[in-house]
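The structure appears right after this line, and notes come after that.
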Amino acid sequence: NLIRRFNSNAQTPDSAITPPSVFVTPSFFDLVYYRFCKVIGMLADRNQNCTIRLSKDIRYAFKIADPYWNRMLHRQFRYEPEISAALKLIHNIQYTFLDLGANYGFWSVVTSSAALGPHRAIAVEPVGANFEMLSRNRTINSDRFEIFNAAITENTCGDVEIATSPSSISNCGASLVSGPVNRSFKHTEMVRSISIDDLVAQYSCTGMPLVIKLDVEGLEIAALNGAKKTLGQDILIIYEDHGKEESCRVTDYMLGLGMKIFHGENNRFSPVTNIKQVKENKKQSSKGYNLFAFKENSIFSDVFSNSPKY
């Protein structure tokens with residue numbers, strides 16, 4: 001099915017595909033399917049764009065040669081289903097979505113759509129090439145969310161240097177340069193920096209409920225250190241605790257802040273009260289596990305606490 005669709009669209013400069021559903025994930029996905037998508041990527045033009053339609057008002061563009069995103073071509077692939085389930089759970093709450101480390105802006109496209117909102121969304125992405133695709137996704141979705149080219153840092157400190165790897169088309173794993181550049185990271189570029197507190201003030205988000213998706217490639221704690229004022233607001237933080245991270249340091253930091261944390265699986269959410277539970281949930285070292293953190297008296301607390309448990 002994927003090969004047929006790939007072949008039928010590969011000759012057009014900007015392919016458009018309309019999968020009818022992305023809500024069921026076949027068991028053969030994960031590693032095997034990703035390897036298959038890498039093969040597809042090797043056969044495709046590295047510069048060829050692809051646009052898919054996920055609903056009446058959700059369109060998403062990416063490079064068809066990128067195996068991280070070309071998985072979306074399969075009718076049954078479901079991207080980060082636990083985040084989708086969480087956003088459905090809170091869709092009636094009026095919040096602003098901060099997409100920090102947005103990549104191409106998938107979740108900004110989704111949260112600003114009628115299906116899960118619409119909510120105000122602000123997508124922040126540091127890598128120049130990613131920001132171009134992010135801008136494209138904003139355009140093809142009626143300019144309904146805001147975009148900002150910057151790196152999230154502990155303090156707003158002018159321009160900072162980031163390094164990217166040529167092996168990743170969508171620059172997954174791009175990081176701030178704080179010392180010698182890793183040999184696998186061949187490209188560096190300068191980008192402005194901004195703290196979360198300054199971002200919230202700049203976009204006039206002070207004092208309102210926020211959903212913050214934080215994906216800053218290992219610098220989550222530094223980013224949260226720059227959010228001292230924002231942490232006093234009613235916020236839900238979506239963050240990743242990677243399977244290869246044995247210390248679960250971001251979760252440990254969140255627990256130290258007195259946050260309630262929930263883990264999602266199969267459209268159900270259960271509380272996490274200690275690091276041992278997080279380690280038990282990490283079944284694959286190559287996978288990132290999304291967790292959801294908020295304060296005890298948060299508007300989000302009742303919604304998650306009363307949701308079905310697994």
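Just so it is clear, the model here is predicted, and its values are computed rather than measured.
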Using every non-hydrogen atom in the two residues, find where [X] and [Y] come nearest and quote the distance to one decimal.
X	Y	value
Pro118	Ser112	CB-O, 3.3 Å
Lys282	Cys248	NZ-SG, 3.3 Å
Pro126	Glu189	O-OE1, 4.0 Å
Ala293	Ile261	CB-CG1, 4.1 Å
Ala223	Val216	CB-CG2, 4.3 Å
Asn290	His263	O-CD2, 4.3 Å

How about [X] and [Y]: do any of their side-chain heavy atoms sit closer than 4.5 Å?
X	Y	value
Phe304	Ile90	yes
Leu87	Thr111	yes
Arg192	Val160	no
Leu214	Leu224	yes
Leu255	Thr273	no
Phe36	Ile40	yes
Ile235	Val211	no
Leu98	Val200	yes

Kindly write out the residues that satisfy side chain to side chain contact (heavy atoms under 4.5 Å, CB included) with [X], not counting sequence neighbours, or none if the list is empty.
X	result
Glu146	Arg120, Ile122, Tyr203
Glu154	Ala222, Asn225
Asp197	Ser195, Ala227, Lys228, Lys229, Thr230

When you measure from the side chain of [X] to the backbone of [Y], do you find a donor-acceptor pair of N or O atoms at a distance under 3.5 Å?
X	Y	answer
Lys213	Leu100	no
Glu161	Met190	no
Asn267	Ala85	no
His91	Ala86	no
Ser84	Glu80	no
Glu220	Glu240	no
Arg138	Arg144	no
Asp198	Ile194	no
Glu125	Val127	yes
Ser301	Asn297	no

Decide side-chain hydrogen bond (donor to acceptor under 3.5 Å, both in side chains) for Thr51 and Arg59; before the verdict, give the C-alpha distance in whole Å, the side-chain angles of both, and the deciding distance to 0.1 Å.
CA-CA 7 Å; Thr51 301; Arg59 295 185 179 187; over 6 Å; no
If I take atom [atom1] from residue [X] and atom [atom2] from residue [Y], how far apart are they, to the nearest 0.5 angstrom?
X	Y	atom1	atom2	value
Phe292	Glu82	CZ	CD	5.5 Å
Gln277	Glu280	CD	CD	7.0 Å
Leu231	Leu210	CG	CG	10.5 Å
Asn137	Phe62	CG	CZ	9.5 Å
Phe148	Asp99	CZ	CG	14.5 Å
Gln94	Met208	CD	CE	11.0 Å

Are [Y] and [X] co-members of a hydrophobic cluster defined by side-chain heavy atoms under 4.5 Å apart?
X	Y	answer
Leu73	Val110	yes
Val278	Ile221	yes
Ile140	Ile52	no

Under the side-chain hydrogen bond (donor to acceptor under 3.5 Å, both in side chains) test, residues paired with Lys295 that sit two or more places apart:
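None.
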State which residues pass side-chain hydrogen bond (donor to acceptor under 3.5 Å, both in side chains) with Ser298; sequence neighbours excluded, sorted by chain then number.
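Partners of Ser298 under the side-chain hydrogen bond (donor to acceptor under 3.5 Å, both in side chains) test: Asp234.
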Which residues pass the ring-ring contact (aromatic ring centres under 6.0 Å, His included) test with Phe131, sequence neighbours left out?
none
Residue pair Asp57, Asn141: steps toward the side-chain contact (heavy atoms from CB on, under 4.5 Å) verdict
CA-CA 7 Å; Asp57 69 338; Asn141 287 283; 6.0 Å; no
Criterion ring pair (Phe, Tyr, Trp, His ring centres under 6.0 Å) against Phe294, the qualifying member of Phe269, Phe262, Tyr95
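Option passing the ring pair (Phe, Tyr, Trp, His ring centres under 6.0 Å) with Phe294: Phe262.
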Kindly assign one of parallel, tilted or perpendicular to the pair Trp69 and Tyr79, based on the angle between their ring planes and the thresholds 30° and 60°.
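Rings of Trp69 and Tyr79: tilted, 30 to 60°.
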Between Asn47 and Lys63, does a side-chain hydrogen bond (donor to acceptor under 3.5 Å, both in side chains) hold up when you go through it step by step?
CA-CA 7 Å; Asn47 296 314; Lys63 299 292 184 183; 5.0 Å; no
Establish, for the pair Arg71 and Tyr68, whether the NZ or CZ atom is under 6.0 angstrom from the six-membered ring centre and no further than 45 degrees off its axis.
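Here Arg71 passes the 6.0 Å and 45° test against Tyr68.
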Would Asn49 and Met133 satisfy side-chain contact (heavy atoms from CB on, under 4.5 Å), going step by step from the backbone distance to the final call?
CA-CA 9 Å; Asn49 292 335; Met133 189 62 76; 3.2 Å; yes
